[in-house]
Amino acid sequence: MKTIEEATYPITDYQDRPAEELFDRIVEAKKTLGSQVLILGHNYQRDDVIVHADLRGDSLLLSKLAAERSEFPNVVFCGVHFMAETADILSQSNQTVILPDLAAGCSMADMAAIEQVDECWDALSLFMPVDEVVTPVVYVNSAADLKAFCGEHGGITCTSSNAKVVMEWAWSRREKILFFPDEHLGRNVANKMGFPKDEMIVWDPFKTNGGNTPEAIHKAKLILWKGHCSVHQMFQPLHVDYFRKQYPGIQVIVHPECHEDVVNKADFVGSTEFIIQTVSKAPAGTSWVVGTELNLVNRLKAEQTEKQVFFLSPMVCRCATMFRIDAAHMCWSMENLAQGQVVNQISVPDDEKVLAKVALDRMMALS
Ligand code: 13P
Ligand code: SF4
């Protein structure tokens with residue numbers, strides 16, 4: 001893998017270039033590369049980047065596309081680090097996955113480290129034969145080593161669009177689920193399934209036994225890791241109340257990473273792709289308020305001109321890490337690639353890849 005310093009063209013040459021020039025140069029590099037490159041873009045990606053994507057979607061759709069499009073030797077992934085890792089795990093060994101800026105991480109994914117999950121597993125094993133009783137379920141918003149942990153321990157990955165079917169699968173195999181790193185997604189899905197609240201506990205990795213009594217651990221059927229998305233935690237129930245009061249008849253649609261107090265007040269809950277499809281297919285004249293990342297909502301607002309589309313929070317809720325993938329980094333990685341220089345390759349170590357793929361394949365079989 002070439003580092004930034006070794007690249008034929010240094011990133012510093014790109015950072016002060018005008019937007020129009022970068023646009024034209026990306027188009028040119030894409031033309032030069034032709035069938036050598038596939039550009040995948042997540043729904044939160046900024047406009048000046050997503051415009052170049054061959055295919056866009058939510059995490060599940062992008063994972064599927066990465067697995068299916070083996071004819072492209074290079075995949076430029078416009079999203080965040082865990083998504084590019086998933087693409088690398090699911091793509092063929094002769095394919096190269098590039099993340100235009102390696103600093104595009106995910107604050108939620110950083111809330112669970114493998115050492116902490118190992119510690120949690122060891123702690124649980126003092127109360128029960130953990131590998132027989134607990135299925136680990138990891139949200140794809142996580143590092144590859146956590147997916148590998150799940151592959152090794154009979155567990156599975158999930159995305160926001162298949163979490164329900166994955167949790168049903170997990171409970172049909174073992175009595176308990178350890179769900180990480182997003183407590184909200186796990187809780188919201190369990191709530192929707194009518195799962196009793198007194199059988200859910202939160203595991204705080206910074207406390208002994210996750211901050212739980214032995215009785216609570218024995219009783220729990222769902223152990224939720226204390227983790228969240230810094231973007232989605234900004235949406236509050238009073239924002240929903242405000243819009244309902246100001247715009248009677250408005251429909252509220254939110255992502256399941258929001259707090260349950262917001263989700264419980266919404267009309268629709270689903271993945272980024274579900275949100276886009278639902279609002280896009282709604283009849284003209286309808287009004288919507290959307291609780292997810294700002295780039296997605298602004299695009300929806302601009303495209304759905306026959307509908308009223310609002311952003312649920314009065315604050316700017318932008319995925320700051322996704323935002324790091326800008327036209328300059330994209331142009332830089334594409335022009336280097338056109339010169340035969342791979343920069344910012346995402347390469348999951350082979351041993352991790354094998355086990356992580358076990359967990360991802362289990363999920364893919366259910367989706
Ligand atoms: P989706 O799978 O719904 O695209 O969500 C990804 C994500 O990171 C939401 O914050
Ligand atoms: Fe991670 Fe939240 Fe950004 Fe999604 S929106 S990638 S969960 S930080």
Side-chain angles (χ1 to χ4, degrees), residues 40-46 49-50 53 55-66 77-87 90 99-112 137-143 146-147 157-166 179-186 188-189 225-235 253-259 262-263 266 268-279 290-300 311-313 315-325 346 360 363-364 367:
L40 296 180
H42 185 263
N43 289 326
Y44 290 162
Q45 200 62 72
R46 42 200 290 166
V49 166
I50 202 84
L55 302 160
R56 56 174 92 169
D58 63 9
S59 312
L60 182 63
L61 189 56
L62 294 174
S63 304
K64 282 185 180 160
L65 292 168
F77 204 107
C78 301
V80 289
H81 196 270
F82 74 79
M83 297 177 186
E85 276 190 336
T86 302
L90 294 175
L99 182 67
D101 186 346
L102 293 180
C106 164
S107 56
M108 177 200 287
D110 293 342
M111 288 179 193
V137 176
V138 68
Y139 189 24
V140 287
N141 297 32
S142 55
L146 300 195
K147 296 181 177 83
T157 62
C158 75
T159 74
S160 59
S161 49
N162 61 20
K164 181 171 178 281
V165 63
V166 165
F179 190 97
F180 54 105
D182 185 18
E183 71 174 276
H184 300 299
L185 176 62
N188 286 325
V189 173
W225 193 265
K226 191 171 167 53
H228 64 268
C229 165
S230 47
V231 178
H232 289 90
Q233 71 160 358
M234 307 285 272
F235 301 109
I253 186 163
V254 302
H255 195 277
E257 286 174 15
C258 293
H259 193 282
V262 174
V263 166
F268 299 92
V269 184
S271 78
T272 57
E273 196 59 28
F274 171 84
I275 292 172
I276 292 170
Q277 294 303 327
T278 306
V279 177
V290 186
T292 197
E293 207 266 355
L294 187 59
N295 276 308
L296 184 159
V297 183
N298 280 344
R299 203 154 37 239
L300 211 44
F311 185 58
L312 182 57
S313 172
M315 319 280 285
V316 174
C317 306
R318 191 171 264 150
C319 179
T321 45
M322 185 89 69
F323 202 65
R324 295 190 73 113
I325 308 285
I346 298 299
L360 283 162
M363 172 186 81
M364 291 302 205
S367 301

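Atoms within a ligand are numbered from 1 in the order they appear, just like the ligands themselves. Remember, it's a predicted structure, so these values are computed and weren't measured experimentally.
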Sub-4.0 Å heavy-atom approach of Met322 to ligand 2: no

Can a donor-acceptor pair be found, under 3.5 Å and without considering hydrogens, that links the side chain of [X] to the backbone of [Y]?
X      : Y      : answer
Gln45  : Ile50  : no
Lys147 : Val140 : yes
Trp225 : Val138 : no
Glu257 : Asp182 : no
Arg324 : Ala104 : no
Asp58  : Ser271 : no
Asn298 : Asn295 : no

As an exercise, identify every atom of ligand 2 less than 4.0 angstrom from a heavy atom of [X].
X      : result
Ser107 : 8 (S)
Asn141 : 4 (Fe), 7 (S)
Cys106 : 1 (Fe), 6 (S), 7 (S), 8 (S)

Starting from [atom], what is the nearest protein heavy atom, named by residue and atom, and what distance separates them?
atom                    : answer
atom 9 (C) of ligand 1  : Glu257 OE2, 3.1 Å
atom 5 (O) of ligand 1  : His255 NE2, 3.3 Å
atom 2 (Fe) of ligand 2 : Cys229 SG, 2.4 Å

Give the numbers and elements of all ligand 1 atoms closer than 4.0 Å to a heavy atom of [X].
X      : result
Thr272 : 1 (P), 3 (O), 4 (O)
Ser59  : 1 (P), 2 (O), 4 (O), 5 (O), 6 (C)
Ser271 : 3 (O)
Tyr44  : 7 (C), 9 (C), 10 (O)

Derivation and outcome, side-chain contact (heavy atoms from CB on, under 4.5 Å), residues Ser160 and His255: CA-CA 8 Å; Ser160 59; His255 195 277; 3.6 Å; yes

Side-chain donor-acceptor contact under 3.5 Å, Ser59 with Thr159: no

Close aromatic pair by centroid cut-off 6.0 Å: Phe77 and Phe82: no

Consider ligand 1: state whether an atom of it lies below 4.0 angstrom from any non-hydrogen atom of [X].
X      : value
His42  : yes
Asn141 : yes
His232 : yes
Phe274 : no

Minimum-distance pair of heavy atoms, taken over all atoms of Val231 and Arg318: CG2-O, 3.6 Å

Asp58 contact mode with ligand 1 (heavy-atom cut-off under 4.0 Å): both

Any N, O or S atom of Cys319 closer than 2.8 Å to atom 3 (Fe) of ligand 2: yes

